[in-house]
2 protein chains.
Amino acid sequence: MKIIVDAFGGDNAPLEILKGAVAAKNAYGCDILLCGDEEAIRACAKENALDLSGMDIETAEGAIPVEEDPRGILKKYKNCSLAVACRALAEGRGDALVSAGSTGALVVGGTFLVGRIKGVRRPAIGILMPADKTPFMLIDGGANIEVTPEAMNVFGLMGSIFMEKVQGVQNPRVGLLNIGAEPNKGTDLTRAAYEQLAENEHLNFIGNIEARDVPQSGADVVVSDGFSGNIFLKTYEGVALTLFANLKEMFYGSTKTKLAALALKGGLKDLKTKFDADAVGGAPLLGVKKPVIKAHGSSGEEAFKNAIGQAVRFAEGNVIGTIEESLPKKEQEGDDEQ
Amino acid sequence: MKIIVDAFGGDNAPLEILKGAVAAKNAYGCDILLCGDEEAIRACAKENALDLSGMDIETAEGAIPVEEDPRGILKKYKNCSLAVACRALAEGRGDALVSAGSTGALVVGGTFLVGRIKGVRRPAIGILMPADKTPFMLIDGGANIEVTPEAMNVFGLMGSIFMEKVQGVQNPRVGLLNIGAEPNKGTDLTRAAYEQLAENEHLNFIGNIEARDVPQSGADVVVSDGFSGNIFLKTYEGVALTLFANLKEMFYGSTKTKLAALALKGGLKDLKTKFDADAVGGAPLLGVKKPVIKAHGSSGEEAFKNAIGQAVRFAEGNVIGTIEESLPKKEQEGDDEQ
């Protein structure tokens with residue numbers, strides 16, 4: 001098992017990425033192919049006494065900035081670390097790819113350099129999010145802004161297979177993000193997506209889920225178009241961040257509350273971790289031919305190591321083969337039309 | 001100033017509604033017209049020693065249940081308390097209306113029984129929501145599931161006028177809920193709405209706001225289509241509820257944490273109130289010819305009293321006159337087309 005690592009993607013590249021790669025090699029016994037400026041990688045490893053022995057390096061030029069047009073990966077930045085990593089994956093020099101770089105560029109690179117699964121028109125980002133009990137996957141998290149009901153049905157299918165094969169959830173419960181519980185609620189899009197999901201024999205579809213109920217719904221997969229999904233995801237993060245910031249302010253308000261905060265420190269830290277999307281893991285790009293994991297942009301050593309662990313399970317779990325077998329037949333037949 | 005009260009709308013009707021009406025009469029010196037089954041109102045007042053002297057009653061039959069098709073207010077439930085209240089408002093037997101009943105039925109009743117402002121094709125619900133500093137208005141909160149860019153421009157205008165005239169915010173900052181900050185982000189709808197909002201001379205438009213940044217953005221009005229707005233609103237509520245439930249569980253975990261929780265009790269209660277959408281106030285239905293306020297379904301005496309206070313300021317503030325004067329000219333000319 002060889003994991004391809006974009007060594008220059010993310011806020012803490014290359015140091016934390018290299019540390020995470022070393023930790024993952026030791027933890028999972030996988031081989032590593034690092035993509036990025038070889039000289040810079042060697043210098044960083046030397047300076048920080050990191051042992052990269054046994055890892056391969058495929059050299060690249062710089063990284064694509066997150067604020068750049070993601071399509072830049074195909075032209076202006078075609079030799080950046082992420083583009084080189086995508087081509088290495090496409091050409092079989094590794095079994096899966098992990099990057100903490102630009103999500104948009106990863107979607108474009110995955111779609112056009114690695115290639116789509118036949119029958120999947122739109123690869124989607126599946127975001128693992130914290131909930132009251134176990135994490136759930138929101139799909140699509142923002143890769144596809146305008147979608148069809150057919151695409152949303154495929155999102156549900158891909159999310160369900162990933163949750164089962166990689167996250168170990170049995171018979172994952174799949175819900176549709178909506179503004180009411182009844183089947184006729186929402187937009188024309190959600191109504192049509194509801195019908196398709198309900199008829200999909202590969203899914204344990206539990207119906208519409210109101211955004212308010214998601215944390216407690218017990219859904220393992222929450223299907224959404226990329227726009228609403230991104231609104232949901234970002235609101236979730238924003239409210240949690242604001243609440244924790246307010247709690248902190250309250251704790252430091254007086255000596256009495258400071259002492260109280262001390263007693264609660266461990267519990268609060270656990271709670272913060274529980275609601276921290278970063279801690280839950282990387283986000284798979286589903287619908288491309290080979291396993292691709294997007295690690296959080298702010299990943300440190302531990303988060304990046306965990307993302308590599310997911311990539312290993314992703315590659316081992318025959319997720320992509322199962323997606324191929326389970327796709328609706330007409331989707332596959334219609335693939336040439338696009 | 002006479003406020004029309006739907007005495008049978010909401011989870012705690014009629015008792016808490018009547019208590020709120022009495023409290024509001026004393027606090028704001030307004031007259032009250034209660035709509036609902038007169039016998040039941042008199043019996044409830046007697047049993048609870050509430051003094052309704054000086055209030056008028058317009059009798060009605062029952063209430064429209066929240067789970068009913070809202071259009072039922074025009075036919076099957078045409079004599080329910082909310083329908084009677086809407087007609088009383090339309091016919092000038094009061095200056096504003098407050099109901100804690102079905103939002104959908106209030107939108108239908110407001111639109112068809114009270115009537116739209118000429119030039120407003122779609123009345124919208126403006127939800128006052130808690131933020132890090134001062135509350136902001138989310139508009140539309142769910143009255144219009146599929147909208148046009150023109151409608152979203154009008155939402156921004158109506159929200160801005162309400163925040164200025166009723167909530168006392170000077171030169172309200174108006175933002176557009178989106179999945180990125182740049183003008184070209186989002187869907188075709190958000191891009192077109194952005195252009196219209198940016199060109200609207202009556203608005204202090206501050207551009208796109210990512211859902212994650214809303215609580216700290218300082219925006220006073222956040223414009224959205226009703227679907228995304230409802231997803232945003234419900235996610236906001238759901239995450240806050242789940243976090244507070246988890247905090248509570250943590251506090252009761254051990255004697256040590258129980259003591260700590262005691263020291264933090266006041267601060268936590270303040271924080272919970274700060275993030276409680278109910279505490280912020282009622283939601284105006286904007287775009288109809290007369291002032292209409294939707295009080296939260298779970299309103300108790302205090303919340304309902306506050307909603308009546310908003311209705312008084314809504315009627316006194318010439319909000320509707322200002323909306324009429326500020327509407328884009330072509331909107332008004334095009335009104336007959338629909």
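Lettering of chains follows the sequences in order, A, B, ..., and the numbering in each one begins at 1.
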Colleague: Sequence neighbours left out, what passes side chain to side chain donor-acceptor pair (under 3.5 Å) with Asp69(B)? Give chain and number order.
Modeller: Arg71(B)
Colleague: Please state whether the side chain, the backbone, both or neither of Ser224(B) comes within less than 4.5 Å of a heavy atom of chain A.
Modeller: neither
Colleague: If you look at every heavy atom in Leu197(A) and Gly156(A), which pair is closest and at what distance?
Modeller: CD2-CA, 4.3 Å
Colleague: When you measure from the side chain of Thr242(A) to the backbone N and O of Gly238(A), does any donor-acceptor pair fall under 3.5 Å?
Modeller: yes
Colleague: With distance as the sole test, does Asn12(B) use its side chain to make a donor-acceptor pair with the main-chain N or O of Ser298(B) at under 3.5 Å?
Modeller: yes
Colleague: Can you tell which part of Leu177(B) gets under 4.5 Å to a heavy atom of chain A, answering side chain, backbone, both or neither?
Modeller: both
Colleague: Going through the checks in order, is the side-chain contact (heavy atoms from CB on, under 4.5 Å) test met by Val147(B) and Leu189(B)?
Modeller: CA-CA 8 Å; Val147(B) 302; Leu189(B) 175 65; 4.1 Å; yes
Colleague: If you count heavy-atom pairs within less than 4.5 Å of chain B, which of Leu247(A), Leu241(A), Ile179(A), Asn230(A) leads?
Modeller: Ile179(A)
Colleague: When rounded to the nearest 0.5 angstrom, what is the spacing between CD in Glu195(A) and CG in Asn153(A)?
Modeller: 11.5 Å
Colleague: Taking non-hydrogen atoms and a cut-off under 4.5 angstrom, which of residues 211-223 of chain B neighbour chain A?
Modeller: Ala211(B), Arg212(B), Pro215(B), Gln216(B)
Colleague: If you measure from the Lys or Arg side-chain nitrogens to the Asp or Glu carboxylate oxygens, is any gap between Lys76(B) and Glu68(B) under 4.0 Å?
Modeller: yes
